[in-house]
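The structure appears right after this line, and notes come after that.
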Amino acid sequence: MSENTRETLTITDNRTGKSYEVPVENGSIKATDLRRIKTGPDDFGLMAYDPGFMNTAACKSRITFIDGDQGILRYRGYPIEQLAEKSSFLEVAYLLYFGELPLRSQIDEFARQVLSHTIIHEQTKKFIDGFRHDSHPMGAFLSTVAALSTFYGEGKHIFDANNRLVQFERMVAKMPTIAAFCYRHSIGMPFAYPDGDLSYTGNFLNMMFKATELKYKPNPVLEKALDVLFILHADHEQNCSTTTMRGIGSSHCDPFTAISGAAAALYGPLHGGANEAVLKMLVEIGSKDAIPEFIRGVKAGEGKRLMGFGHRVYKNYDPRAKIIKEVAFQVFEVTGRNPLLDIALDLERIALEDDYFVARKLYPNVDFYSGLIYQAMGFPTEMFPVLFAIPRTPGWLSQWEEQILDPEQRIVRPRQIYLGAGKRDYVPMALRESAVTQTA
Ligand code: CMC
């Protein structure tokens, strides 16, 4: 930086001819600094209009770093590739929350605490039983998570650090149990209780799939694959559900309620519901021959998108998708090849050579191959968003913790640009028809 340069931005308002100097910090300006820019004393001041928060930073964070152009993802500075290869989901959960990799004694204690919380209150089971037998597991899951606030009322003491840690351990522990119980309810199977001899993902597979055997033995390849998938889904900075978590959390409600809202945001097909949508899309395409026609329809804007492609932040191959593609082949060694894989591989190849997708920098995202793996492992498609919500829990809670401890944060309350009717007088019901006829 030369001596004459300053970390400021000069804005000239051509409506008034006035100039303003605004500080630049961390490559951004404070939106509230724009409020000084007015056409007159009655003017509210300039606002930034940014639907979908395309270019608005709502927080300062030290948790997850993404460089979307380079395809880089790091948790607390550690590259996702190294964590996927060398770490475990519980260690990553610890890392996200505490900011550092744990010592052996620390991870052992954390794992012990999580294990001690895996059982859910018997009343929670009755709650799950109340859902219709064919209810979507994600609806049952996020409602049950919200209901946890009625079991653990102390969760509302959000400024007590010990209390927050207990709720963190509790939620990381209980999410798989609630998820599996919702699934078993939806297929009419008795609940399978947590098995403390198994790993986090091994136990989840046990609660999902245990049948008449006395002891469920997870396949180690599938158990490891699920652990890697959980690591890849653990956090992704300010996405839709995390922003929802922070938004709800900004009103200082308990974390169970906030997480339930975050899970609701995750449910949609543009976010965590995308891998379910990818599977449906692959089934609908049906064969490799039908791919060109499908791509033509997407490009013509015939109401469909190439699900599992594109990302708000990544304008390059999603680094998670690269790892997931490798995991897919490891899983298929055990389960047999998912017949939809060949359609997916061809679809990816054709799309990546097509100008429409190249020009818009649309690459496969985390959801493109994950559904194929989950399906091969025996998970029904309805469980896919639930399988996203379980590992996102430590990410949501770490972001929530960061937010409520950040003195710069306020209750979330965006502005709007009002374009509706000006003031008008109420018209009594009896006079409305004639009023409508007169104005028609
Ligand atoms: N298929 C076809 N066209 C697409 C797609 C797609 N999947 N994604 C974006 N486009 C086009 C879009 O039509 C637009 O074209 P144009 O400029 O001609 O109008 C352009 O690319 C920009 O799209 P956008 O909708 O403005 O981009 P966005 O950043 O608002 O949306 C997205 C991001 C992820 C919602 C979107 O890419 C999408 O709908 N993808 C499919 C759903 C999906 O796979 N979601 C999972 C995201 S990763 C996991 C997660 O975050 O949960």
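Computation of the quantities below employed the complete heavy-atom set of this structure, encompassing side-chain atoms and omitting hydrogens, waters and symmetry-equivalent molecules. Just so you know, ligand 1 is whichever comes first in the structure, and atom 1 is the first atom listed for that ligand. All residue numbers in this chain count up from 1 along the given sequence.
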Per-atom contact, [atom], protein heavy atoms, under 4.0 angstrom:
{"atom": "atom 9 (C) of ligand 1", "answer": "yes"}
{"atom": "atom 26 (O) of ligand 1", "answer": "no"}
{"atom": "atom 48 (S) of ligand 1", "answer": "yes"}

query = With a 4.0 Å cut-off, would you call Lys126 and Asp129 a salt bridge?
reply = no
query = Hey, are Glu284 and Lys280 close enough for a salt bridge, meaning a charged N less than 4.0 Å from a carboxylate O?
reply = no
Measuring only between side-chain heavy atoms, which start at C-beta, is [X] closer than 4.5 Å to [Y]?
{"X": "Pro176", "Y": "Asn203", "result": "no"}
{"X": "His236", "Y": "Arg320", "result": "yes"}
{"X": "Met208", "Y": "Met377", "result": "no"}

What's the shortest distance from [atom] to any protein heavy atom, and which residue and atom give it?
{"atom": "atom 40 (N) of ligand 1", "result": "Phe309 O, 2.9 Å"}
{"atom": "atom 34 (C) of ligand 1", "result": "Gly310 O, 3.7 Å"}
{"atom": "atom 42 (C) of ligand 1", "result": "Met307 CE, 3.5 Å"}
{"atom": "atom 4 (C) of ligand 1", "result": "Leu362 CD1, 3.5 Å"}
{"atom": "atom 3 (N) of ligand 1", "result": "Tyr356 OH, 3.0 Å"}
{"atom": "atom 46 (C) of ligand 1", "result": "Asp367 OD2, 3.3 Å"}
{"atom": "atom 28 (P) of ligand 1", "result": "Arg312 NE, 3.6 Å"}
{"atom": "atom 52 (O) of ligand 1", "result": "His271 ND1, 2.5 Å"}

task = Using the six-membered ring wherever Trp is involved, compare the ring planes of Tyr267 and His136 and label them parallel, tilted or perpendicular (cut-offs 30° and 60°).
result = tilted
request  = If the plane angle is over 60° it's perpendicular, under 30° parallel, otherwise tilted; pick one for Tyr193 and Phe181.
outcome  = perpendicular
ask   = Quick one: which of Val298, Leu306, Val313, Leu266 has a heavy atom closest to atom 7 (N) of ligand 1?
value = Leu306
query = Nearest heavy-atom pair of Arg246 and Ser61: which atoms, and what distance?
reply = NH2-OG, 4.1 Å
request  = Identify the heavy atoms of Ile417 and Tyr49 that sit nearest to each other, and give their distance.
outcome  = CD1-CD1, 3.4 Å
For ligand 1, is there an N or O atom under 3.5 Å from any N or O atom of [X]?
{"X": "Phe388", "answer": "no"}
{"X": "Val366", "answer": "no"}
{"X": "Arg360", "answer": "yes"}
{"X": "Leu270", "answer": "yes"}
{"X": "Ala274", "answer": "no"}
{"X": "Arg305", "answer": "yes"}

query = Can you tell which of Lys288, Lys322, Lys325 makes a salt bridge (charged side-chain N to carboxylate O under 4.0 Å, His left out) with Glu348?
reply = Lys325
query = What about the rings of Phe379 and Phe384, do their centers lie closer together than 6.0 Å?
reply = no
ask   = Would His252 and Phe159 count as a ring-ring contact (aromatic ring centres under 6.0 Å, His included) if you check the C-alpha gap in whole Å, the side-chain angles of each, and the deciding distance to 0.1 Å?
value = CA-CA 9 Å; His252 292 176; Phe159 291 108; 5.0 Å; yes
request  = With heavy atoms under 4.0 Å as the rule, classify the contact between Val278 and ligand 1 as side chain, backbone, both or neither.
outcome  = neither
ask   = Hey, is His236 touching ligand 1 through its side chain, its backbone, both or neither, going by heavy atoms under 4.0 Å?
value = neither
inquiry  = Under 4.0 Å from a heavy atom of Gly308: which atoms of ligand 1 are those, numbered in the order shown and with their elements?
reply    = 43 (C), 44 (O)
query = Which atoms of ligand 1 are found less than 4.0 Å from any heavy atom of Gly272?
reply = 52 (O)
request  = Taking Ser260 for its side chain and Phe256 for its backbone only, find out whether a donor-acceptor pair lies under 3.5 Å.
outcome  = no
ask   = Is it true that Asn239 lies under 4.0 Å from ligand 1, counting heavy atoms only?
value = no
message = Exactly one of Arg312, Gln399, Arg392 should register a side-chain contact (heavy atoms from CB on, under 4.5 Å) with Asn239. Which one does?
response = Arg392
